[in-house]
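Convention: sequence-line order gives letters A, B, ...; per-chain numbering from 1.
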2 protein chains.
Amino acid sequence: MNLTVSEENYIKAIFHLQQAEGNVSTNQLAASLHTKPASVTDMLKKLTHKSLLEYEPYQGVRLGKEGKKQALSIVRKHRLWEFFLVDKLQFGWDEVHDVAEELEHISSKKLVDKLDAYLGFPKFDPHGDPIPDSNGIMATIRQFNLIDVKPKVVVEVCSVGSQSAELLELLRHKNIGIGTELQIIRKFEFDHSVEISVKNKPTITISQQLAQALFVKLV
Amino acid sequence: MNLTVSEENYIKAIFHLQQAEGNVSTNQLAASLHTKPASVTDMLKKLTHKSLLEYEPYQGVRLGKEGKKQALSIVRKHRLWEFFLVDKLQFGWDEVHDVAEELEHISSKKLVDKLDAYLGFPKFDPHGDPIPDSNGIMATIRQFNLIDVKPKVVVEVCSVGSQSAELLELLRHKNIGIGTELQIIRKFEFDHSVEISVKNKPTITISQQLAQALFVKLV
DNA sequence: AATTATTTTTAGGTAAATCTAAATAATTTA
DNA sequence: TAAATTATTTAGATTTACCTAAAAATAATT
């Protein structure tokens with residue numbers, strides 16, 4: 001099933017809007033895609049014809065089985081590229097979205113799977129959203145990037161960004177591992193470093209790079 | 001100047017066909033782009049209107065100043081992505097072209113420059129073609145990837161693929177450096193390893209990975 | 001040089017993805 | 001529930017990048 005960039009963007013938008021409730025409305029889609037309702041209706045008909053959607057005129061739309069599969073593939077690519085941009089190319093976590101919007105449409109499955117392996121099969125992207133694996137399965141508990149957590153909050157480390165030797169060494173040195181509880185003390189604007197307290201011991205400071213590699217959940 | 005994917009493909013095709021002689025013909029372009037001459041004429045008019053080409057009806061076409069700049073930018077992206085795929089994602093040098101054809105159209109300049117830095121500012125892609133730098137300047141002497149050189153040929157090492165510590169250590173161990181002369185003895189199909197003789201000493205065997213990291217010129 | 005062959009352009013048409021304006025269905029409100 | 005409002009669809013155009021077929025320009029050949 002080969003989709004155009006435009007078709008992929010519709011599938012992705014429906015996927016994101018569908019999350020909580022059932023059907024997605026034409027107007028919601030038009031707003032989300034910065035297009036007009038009439039254009040949406042056209043595309044819904046086309047994608048329904050391709051068996052990607054379940055759509056009844058005037059009743060909104062939801063993804064069909066094949067549509068879900070396609071959506072997960074696009075989301076997987078988007079989030080893997082975001083991870084790559086932050087972890088390898090030193091982009092800030094807040095400047096990767098637009099580039100990933102372009103990269104997610106590169107079609108090679110082999111590329112995506114090799115990228116995934118190269119990155120160490122990360123489970124969460126730099127915004128804390130789960131990355132579907134090559135079978136479309138992803139974690140359900142939402143995690144946060146440590147750098148996004150507000151001061152005073154207590155969190156528990158769930159996973160780390162990559163399995164690189166350098167990162168693991170640094171974590172051991174700082175006594176941080178999966179399951180470690182820590183409290184955010186304060187954040188410094190200048191270099192985005194974060195002051196934390198691990199297991200109620202004296203505070204330490206960790207760099208922006210390290211904070212971005214830690215995924216946590218609220219406790 | 002924002003170009004569509006199709007426009008970029010025309011600019012790139014003209015760039016490659018233009019290399020030796022002066023003007024590129026409509027038929028040449030049609031063949032190269034797998035399209036029809038009539039379509040080419042349409043696009044040539046459009047790109048001329050955008051001041052990218054110098055085009056006289058029936059006289060063929062060549063890139064203008066702005067067209068050259070755009071072409072170099074596309075070629076730069078294509079070759080950097082090829083380098084990335086081979087050097088980081090472990091693609092074979094012969095399976096990267098199609099994926100790079102897609103990646104070269106990603107527009108972010110910041111992405112390309114960061115990728116360049118991440119790769120260690122390589123001067124040649126995995127096929128030995130020079131990679132333009134961010135100002136569009138590239139090496140003029142054509143180099144070959146060692147893995148492409150036929151048995152019996154004597155070559156001189158010109159540059160290495162990356163500056164990684166692991167690669168440099170391996171090269172020191174094998175007594176290979178910039179300027180080293182070596183002869184290709186034979187190549188093994190099974191694992192693509194290459195038997196070579198360094199400075200007329202007894203032969204040694206180098207892996208596919210190492211051979212792909214070495215760029216050489218004929219002596 | 002005149003004819004033939006080739007190349008290139010023009011003219012008119014198609015499919016994808018968009019648009020505006022008008023018509024129709026669904027929902028809300030008085 | 002009937003009218004008013006909102007949401008959605010239909011109808012008809014537009015733009016981009018293609019196409020085919022025919023006309024025009026250039027090049028090759030006798």
Fill in the blank from the handout: note: B:Asn23, atom CG; C:dT8, atom P; distance rounded to Å ~ 11 Å
Exercise for the section: May I have the distance from B:Lys50 (atom NZ) to D:dT15 (atom C1'), rounded to whole angstrom? Expected result: 12 Å
Practice task
Check the pair A:Leu52 / A:Leu3 against side chain to side chain contact (heavy atoms under 4.5 Å, CB included), numbers first and verdict last.
Solution key: CA-CA 11 Å; A:Leu52 293 161; A:Leu3 302 182; 3.8 Å; yes
Practice task
Rounded off to whole Å, could you give me the CG-to-P distance for the A:Leu44 and D:dT8 pair?
Solution key: 10 Å
Practice task
Hey, can you tell me if A:Trp81 and B:Phe84 have their rings parallel, tilted or perpendicular (30° and 60° cut-offs)?
Solution key: tilted
Practice task
Select base, sugar-phosphate, or nothing to describe what A:Thr26 touches, counting heavy atoms under 4.0 Å on all strands.
Solution key: sugar-phosphate
Practice task
Nearest whole angstrom, please: distance from the P of D:dT16 to the CG of B:Asn2.
Solution key: 14 Å
Problem - Cation-pi geometry met for A:Lys123 and A:Phe215 (6.0 Å, 45°) - result: no
Practice task
Considering just the side-chain nitrogens and oxygens of B:Lys45, establish if one lies under 4.0 Å of OP1 or OP2 belonging to C:dT10.
Solution key: yes
Practice task
For D:dA23, take OP1 and OP2 only and decide whether either is under 4.0 Å from a side-chain N or O of B:Tyr58.
Solution key: no
Practice task
Write down the atom of B:Lys187, the atom of B:Val194, and the distance for their closest heavy-atom approach.
Solution key: CG-CG1, 4.2 Å
Completion exercise
With sequence neighbours left out, the residues meeting salt bridge (charged side-chain N to carboxylate O under 4.0 Å, His left out) with B:Lys110 are A:Glu95
Exercise for the section: Ignoring hydrogens and angles, state whether a donor on the side chain of A:Gln143 or A:Ser159 is under 3.5 Å from an acceptor on the partner side chain. Expected result: yes
Practice task
Identify whether the distance between the nearest side-chain nitrogen and carboxylate oxygen of A:Arg76 and A:Asp113 falls below 4.0 Å.
Solution key: yes
Problem - OP1 or OP2 of D:dT8 under 4.0 Å from side-chain N/O of A:Asn27 - result: yes
Completion exercise
Between CG of A:Leu29 and P of D:dT9 the distance, given in whole Å, is 10 Å
Exercise for the section: Hunt down any stem DNA chain D takes part in, defined as 3 or more consecutive Watson-Crick or G-U pairs whose two distances are each under 3.5 Å. Expected result: C:1-30 with D:1-30
Extract from the structure each pairing of a protein N or O with an N or O of nucleotides 18-21 of chain D at less than 3.5 Å, listing the distance.
residue: D:dC18; atom: OP1; partner: B:Ser6; partner atom: OG; Å: 2.8
residue: D:dC18; atom: N4; partner: B:Asp42; partner atom: OD2; Å: 3.1
residue: D:dC19; atom: OP2; partner: B:Thr35; partner atom: OG1; Å: 2.7
residue: D:dC19; atom: OP2; partner: B:Lys36; partner atom: N; Å: 3.0
residue: D:dC19; atom: OP2; partner: B:Ser39; partner atom: OG; Å: 2.5

Handout entry: Note, A:Tyr118 side chain near A:Lys88 side chain (heavy atom, < 4.5 Å)
Key = yes
Exercise for the section: Rounded off to whole Å, could you give me the CD-to-C1' distance for the B:Gln59 and D:dA24 pair? Expected result: 14 Å
Exercise for the section: Examine the side chains of A:His105 and A:Asn9 and answer whether a donor and an acceptor come within less than 3.5 Å of each other. Expected result: yes
Completion exercise
When rounded to whole Å, the CD to P distance for the pair A:Gln28 and D:dT6 reads 17 Å
